[in-house]
Amino acid sequence: MSEDRYDPHAIERKWQQVWEREGTWQVPNPGEPGYEQGAPKSYVLEMLPYPSGEPHMGHLKNYSMGDVLAHFRRRNGMMVLHPMGYDAFGLPAENHAIKTGEHPAVSTGKSIEEFRRQFRSWGISIDWRREFGTHEPSYYRWTQWIFLELYERGLAYRKRAPVKWCPKDQTVLANEQVIDGHCERCGTAVVVKMLEQWFFKITDYAERLLEDLAQLDWPDRVVTMQRNWIGRSEGAEVAFGCAEPPIDFPVFTTRPDTLFGATFFVIAPEHPDLERLVQGTEHEQDVLGYVQQALSESVAERANTEREKTGVFTGRYVVNPVNDERIPVWVSDYVLMDYGTGAIMAVPAHDQRDFEFAKKFGLEIRRVVEPVEDEARDDEPFVAHSGEERLINSDGFDGMTSPEAIRAITAWLQKRALGGPAVNYRLRDWLVSRQRYWGAPIPIVYCERDGIVPVPEDQLPVLLPDIEDYAPKGKSPLASSDAFVNTTCPKCGGPARRETDTMDTFVDSSWYFLRYCDPRNDRAAWERAIVDHWMPVDQYIGGVEHAILHLMYARFFTKALADMGWLGFQEPFAALFTQGMITYEGAKMSKSKGNVISPSPIVERYGADTARCYILFLGPPEDDVDWSDSGVGGRHRFLNRVWRLDVEPLEDADAAADVEGDARALMRKAHETIAALTGDIHRFHFNKALARLDELVNEIYRLPDADPRARSFATAVTASLLFPFAPHLASEVYERVTGLRVWEQPWPVADPAFLKREMVQIVVQVNGKVRDSIEVAAGTEDDELKRAALERPNVQRHLDGKQVVREIVVPGRLVNFVIR
RNA sequence: GCGGCGGUGCUGGAAUUGGUAGACAGUGCGGCCUCAAAAGCCGCUGCCCGAAAGGGCGUGUGGGUUCGAGUCCCACCCGCCGCACCA
């Protein structure tokens with residue numbers, strides 16, 4: 001085979017045609033023809049791509065990794081589900097439409113076409129029969145159905161609330177889509193607006209989302225991020241009552257032991273009861289003016305902790321339930337509506353922020369917890385909380401330690417129905433309305449008589465209409481389509497208006513992994529038995545940037561749908577691997593920055609096998625790497641060397657069982673490689689796996705005169721192990737050597753008989769420094785080892801007649817002489 | 001501030017339990033082949049001393065444990081990531 005050149009394009013075309021023709025990577029559902037009863041299933045899933053432009057290096061890496069695992073698991077006897085689809089709704093396509101007038105469906109369609117073409121050219125082993133885009137009515141029909149299911153159970157609700165608004169994209173955003181006060185998509189500073197919007201009640205699941213993290217085989221840092229995001233904290237809820245007007249203000253605190261130190265009260269500018277509180281008072285104008293100003297500031301400005309505290313007095317007082325003291329109510333933007341109850345008791349002696357506020361406005365600072373030592377100064381708050389401090393100025397609780405007081409005061413409150421133990425979560429409900437065009441319409445109509453009416457299931461999908469003008473105007477572009485908006489009430493038949501907002505695209509991607517199991521079902525979103533068979537995803541692979549958003553939402557959907565009886569499991573992704581990003585010149589690749597590197601020039605020049613191997617050879621897959629093509633040639637050279645291995649056909653796998661000498665060493669190397677590389681794949685050490693194949697191939701080249709049977713065997717092993725990484729070349733080489741199809745062969749198993757070494761190298765140290773090494777038969781006795789070591793001239797020189805005080809022998813490893 | 005991760009040649013990286021640091025690759029240099037080039041093949045490529053044999057140093061810094069430390073312990077420095085006026 002050495003005469004002809006390695007022509008990756010011819011080889012890749014050939015094998016892709018075979019797989020295409022034979023449907024090699026299709027996997028049947030249980031009960032369908034070809035389904036192997038009793039074979040373990042494995043669902044290998046890479047996060048679905050957002051189709052914009054063409055694939056970049058990150059996609060190549062993601063799907064190459066997934067493909068290695070899919071192939072590996074198939075050859076280990078598993079039925080592998082390995083599907084592909086497109087997360088096709090979303091802002092970039094819509095913004096493109098605004099700029100060019102090209103309908104998002106058209107630009108998205110083109111992009112999908114290109115993604116599909118390239119994925120196929122990479123030879124990724126996908127069951128293409130299961131492919132879909134989330135923008136297809138046959139898909140979003142069921143997205144809408146899920147919305148209605150959530151609505152029916154009170155998990156989707158409509159509410160007027162302060163929400164994050166992006167002035168550039170002219171749409172609301174979920175909390176999770178606001179990064180450091182800026183829009184996740186376009187980077188514009190986000191502001192707060194009062195709007196009526198649709199929410200999903202993810203907070204009902206906070207505790208379970210937290211608890212079930214324990215059963216997941218996920219990277220620690222992703223689990224930590226989710227835990228932080230859910231933000232569970234234990235404390236107490238305490239009601240502070242206002243007499244005039246009569247309003248109760250509950251607060252959450254983690255420090256009920258400091259209740260006697262509460263000298264004032266602060267509520268957030270967005271607090272729904274604020275207007276009522278100040279109505280008709282002389283402070284009303286001041287307060288409303290302050291609220292106006294606070295709301296006009298960007299979220300980022302407000303989050304700046306360096307800034308001096310601001311606020312105004314409301315003229316009202318609330319009563320501290322532990323001592324009946326009247327304390328003044330202030331409004332300030334340092335209190336967030338997003339956390340707790342939007343109101344706080346201020347304890348300036350023991351909280352940094354309250355302290356700053358009290359200093360600025362001359363409010364009382366009363367210490368109620370005594371420091372253990374005299375470390376606390378009067379010009380700063382005492383916030384330490386080691387458990388040893390004791391209470392003062394707190395009536396019957398004086399002398400208790402903080403932890404004791406927390407329990408005692410909480411119990412005291414509970415007994416009098418003034419409060420009690422409480423758990424607070426940072427997690428907020430998921431805002432899903434978007435005032436944008438390119439998304440799944442929310443399947444709701446508004447009727448003057450019947451109010452909010454869900455679109456009946458048999459009228460789904462609510463189709464996204466074609467429109468002329470996609471430009472955002474502060475409300476959904478769908479609102480300008482009379483034909484869409486005007487409808488009849490499903491209940492009373494009277495005139496009604498459709499909801500014109502669309503759903504956040506994260507809704508689409510919160511259940512796509514379920515649809516892959518049963519993608520052509522037009523009677524239901526899925527059949528439970530089929531989904532229960534494939535799910536959960538056994539190995540999920542994707543970028544760490546989805547650690548919170550997508551992964552939290554998908555978990556929530558799974559739990560909610562399981563509670564409804566549609567699913568028989570609680571967690572969607574049993575194991576997760578987060579790949580590192582491929583940057584270019586230090587920056588994240590993005591179309592807007594124009595620094596996207598496409599894999600296609602490399603595929604065109606060197607072939608897909610080279611591209612796949614190179615992207616996995618770059619380094620540990622979880623690490624970020626800066627793109628450079630400087631090593632592509634090296635991977636291509638390696639594949640070329642595999643191609644040029646000139647060996648005789650291998651009659652059968654045992655042909656080389658009894659070879660001797662160099663051939664024996666080669667056999668051992670082959671078996672060692674099988675053992676080590678198999679472990680590498682289990683641990684996602686793909687770069688190491690490929691390095692081991694380099695070593696094996698180098699060894700075959702180094703021993704041109706070894707028994708041809710051993711060389712053939714080693715070559716077949718190389719092709720077999722290379723297959724998950726470079727499937728086309730590996731198929732070709734394997735077939736030429738063995739006449740067989742490599743993917744139909746079980747994954748090779750190392751033969752322990754070949755792993756045993758008859759000779760081992762023993763390092764000889766003197767005082768822990770390597771001075772020589774000796775080659776001895778494996779299993780040589782310690783005394784014999786020491787004797788052999790002592791004979792070495794270089795060892796002698798270092799011993800130099802000095803006294804050996806200790807001899808350490810590590811079997812199979814080393815001898816160390818300790819001298820004085 | 002809180003939480004997490006990391007620091008190894010010129011570069012990407014390797015080194016199960018503490019046991020030959022630098023596998024494998026890239027880059028560079030030298031050689032072979034060739035009319036020439038490409039491709040390929042061979043050798044060298046951590047720093048310092050040495051003709052060589054060999055020796056000294058070396059895994060962010062300082063200390064410790066150990067016969068032996070990239071690996072374990074303590075302190076520190078630097079970098080990256082996540083969260084953050086969280087009550």
Side-chain angles (χ1 to χ4, degrees), chain A residues 5-6 179-180 219-229 231-233 235 251-255 258 262 266 268 302-307 309 332-336 338-347 350-354 356-357 383 424-426 544-545 547-548 580-581 614 617-620 622-626 628-635 637-638 640-641 644 676 679 683 685 687-698 701 761-773 793-794 797-798 804-819:
Chain A
R5 285 177 64 93
Y6 170 40
I179 312 292
D180 290 333
D220 288 346
R221 74 176 174 138
V222 175
V223 170
T224 303
M225 283 163 73
Q226 293 223 345
R227 189 170 286 134
N228 289 344
W229 189 262
R232 182 183 200 274
S233 51
V251 302
F252 172 77
T253 176
T254 53
R255 295 292 305 276
T258 64
V266 191
R302 268 186 69 173
N304 179 8
T305 53
E306 304 294 296
R307 195 171 71 140
K309 295 275 179 289
S332 173
D333 64 4
Y334 84 89
V335 174
L336 308 173
D338 271 356
Y339 187 80
T341 62
I344 61 155
M345 62 168 199
V347 185
H350 303 290
D351 182 279
Q352 183 67 38
R353 298 149 295 169
D354 297 345
E356 287 167 20
F357 194 84
V383 295
N424 188 62
Y425 299 93
R426 203 182 75 101
V544 74
E545 65 271 21
I548 296 174
M581 210 173 20
Y614 180 59
F617 190 67
L618 274 175
E622 65 274 22
D623 287 2
D624 289 346
V625 276
D626 203 51
S628 156
D629 61 6
S630 65
V632 179
R635 275 311 85 192
R637 254 192 303 281
F638 164 71
N640 232 309
R641 279 163 67 78
R644 292 197 323 270
R683 288 184 286 271
H685 295 174
N687 55 326
K688 284 159 65 180
L690 286 162
R692 290 187 207 284
L693 287 174
D694 274 276
E695 287 188 57
L696 177 56
V697 171
N698 287 345
Y701 273 95
Q761 208 187 28
I762 302 288
V763 167
V764 185
Q765 300 181 332
V766 177
N767 276 354
K769 284 191 198 295
V770 180
R771 295 305 175 189
D772 210 336
S773 70
N794 206 37
R797 184 163 44 239
H798 282 92
V804 175
V805 294
R806 205 172 153 191
E807 294 163 336
I808 289 145
V809 178
V810 181
R813 284 264 181 203
L814 61 76
V815 179
N816 185 15
F817 297 106
V818 185
I819 59 173

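Here is how names work: the chains are called A, B, and so on, in the same order as the sequence lines, proteins then strands, and each is numbered from 1.
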Taking for V818(A) and for N794(A) the nucleotide of RNA chain B with the nearest heavy atom, the one nearer the 5' end belongs to N794(A)

Of H685(A) and G634(A), the one whose closest nucleotide on RNA chain B sits nearer the 5' end is H685(A)

Heavy-atom pair with the smallest gap, counting every atom of [X] and [Y]:
{"X": "V335(A)", "Y": "A268(A)", "result": "O-CB, 3.2 Å"}
{"X": "Q226(A)", "Y": "A547(A)", "result": "NE2-O, 2.8 Å"}
{"X": "Y614(A)", "Y": "S630(A)", "result": "OH-N, 3.9 Å"}
{"X": "R426(A)", "Y": "N228(A)", "result": "NE-O, 3.4 Å"}

From [atom1] of [X] over to [atom2] of [N], roughly how many Å is that when rounded to an integer?
{"X": "L336(A)", "N": "C85(B)", "atom1": "CG", "atom2": "P", "answer": "6 Å"}
{"X": "F617(A)", "N": "C24(B)", "atom1": "CZ", "atom2": "P", "answer": "10 Å"}
{"X": "I808(A)", "N": "G19(B)", "atom1": "CD1", "atom2": "P", "answer": "14 Å"}
{"X": "F638(A)", "N": "A39(B)", "atom1": "CZ", "atom2": "C1'", "answer": "18 Å"}
{"X": "D351(A)", "N": "A87(B)", "atom1": "CG", "atom2": "P", "answer": "9 Å"}
{"X": "H350(A)", "N": "C86(B)", "atom1": "NE2", "atom2": "P", "answer": "17 Å"}
{"X": "I548(A)", "N": "G3(B)", "atom1": "CD1", "atom2": "P", "answer": "17 Å"}
{"X": "E356(A)", "N": "A87(B)", "atom1": "CD", "atom2": "C1'", "answer": "14 Å"}

Give one of base, sugar-phosphate or nothing for [X], where a contact means two heavy atoms less than 4.0 Å apart.
{"X": "K769(A)", "answer": "sugar-phosphate"}
{"X": "R227(A)", "answer": "nothing"}
{"X": "S773(A)", "answer": "nothing"}
{"X": "R353(A)", "answer": "base"}
{"X": "V763(A)", "answer": "base"}
{"X": "N698(A)", "answer": "sugar-phosphate"}
{"X": "R232(A)", "answer": "nothing"}
{"X": "V810(A)", "answer": "base"}
{"X": "D624(A)", "answer": "nothing"}
{"X": "V335(A)", "answer": "base"}
{"X": "H798(A)", "answer": "sugar-phosphate"}
{"X": "R307(A)", "answer": "base"}
{"X": "E807(A)", "answer": "nothing"}
{"X": "L693(A)", "answer": "nothing"}

Can you tell which of [options] lies closest to the side chain of [X]?
{"X": "K688(A)", "options": "G12(B), A15(B), U17(B)", "result": "A15(B)"}
{"X": "D623(A)", "options": "G13(B), A23(B), A84(B)", "result": "G13(B)"}
{"X": "D694(A)", "options": "U20(B), A84(B), A25(B)", "result": "A25(B)"}
{"X": "Y339(A)", "options": "A23(B), G19(B), C86(B)", "result": "C86(B)"}
{"X": "M225(A)", "options": "G82(B), G56(B), G19(B)", "result": "G82(B)"}
{"X": "R771(A)", "options": "U20(B), G55(B), G3(B)", "result": "G55(B)"}

Same-atom distance ([atom1]) from [N] to [M], integer angstrom:
{"N": "C74(B)", "M": "C24(B)", "atom1": "C1'", "value": "36 Å"}
{"N": "G9(B)", "M": "G4(B)", "atom1": "C1'", "value": "29 Å"}
{"N": "C10(B)", "M": "G22(B)", "atom1": "C1'", "value": "14 Å"}
{"N": "G46(B)", "M": "U11(B)", "atom1": "C1'", "value": "13 Å"}
{"N": "G56(B)", "M": "G1(B)", "atom1": "C1'", "value": "47 Å"}
{"N": "G55(B)", "M": "G3(B)", "atom1": "C1'", "value": "48 Å"}
{"N": "C48(B)", "M": "U65(B)", "atom1": "C1'", "value": "30 Å"}
{"N": "G60(B)", "M": "A21(B)", "atom1": "P", "value": "16 Å"}

On the six-membered ring of F357(A), is K309(A) placed so that its NZ or CZ lies under 6.0 angstrom from the centre and within 45° of the ring axis?
no

Would R635(A) and F617(A) count as a cation-pi pair here, with the cationic atom under 6.0 angstrom from the ring centre and within 45° of the axis?
yes

Just N and O in the side chain of [X]: are any of them under 4.0 Å from OP1 or OP2 of [N]?
{"X": "R683(A)", "N": "U16(B)", "answer": "no"}
{"X": "R806(A)", "N": "C67(B)", "answer": "yes"}
{"X": "R644(A)", "N": "C41(B)", "answer": "yes"}
{"X": "R637(A)", "N": "C24(B)", "answer": "no"}
{"X": "R813(A)", "N": "U20(B)", "answer": "yes"}

Pair assignment for [N], Watson-Crick or G-U wobble, requiring both distances under 3.5 Å:
{"N": "U59(B)", "result": "none"}
{"N": "G1(B)", "result": "C83(B)"}
{"N": "G40(B)", "result": "C32(B)"}
{"N": "C24(B)", "result": "G12(B)"}

If only atom types and distance count, is the side chain of D624(A) paired as donor or acceptor with the main-chain N or O of M581(A) below 3.5 Å?
yes

Does atom CZ of R232(A) have more than 12 heavy-atom neighbours, drawn from other residues, nucleotides or ligands, at distances under 6.0 Å?
yes

T253(A) vs R255(A), side chain to side chain contact (heavy atoms under 4.5 Å, CB included): CA-CA, chis, key distance, verdict:
CA-CA 5 Å; T253(A) 176; R255(A) 295 292 305 276; 3.9 Å; yes

Any donor-acceptor pair under 3.5 Å joining the side chain of N816(A) to the base of C67(B)?
yes

Side chain to side chain contact (heavy atoms under 4.5 Å, CB included) between R771(A) and N794(A), worked out
CA-CA 6 Å; R771(A) 295 305 175 189; N794(A) 206 37; 4.2 Å; yes

Syn/anti state of G46(B) by chi, 90° boundary around 0:
anti

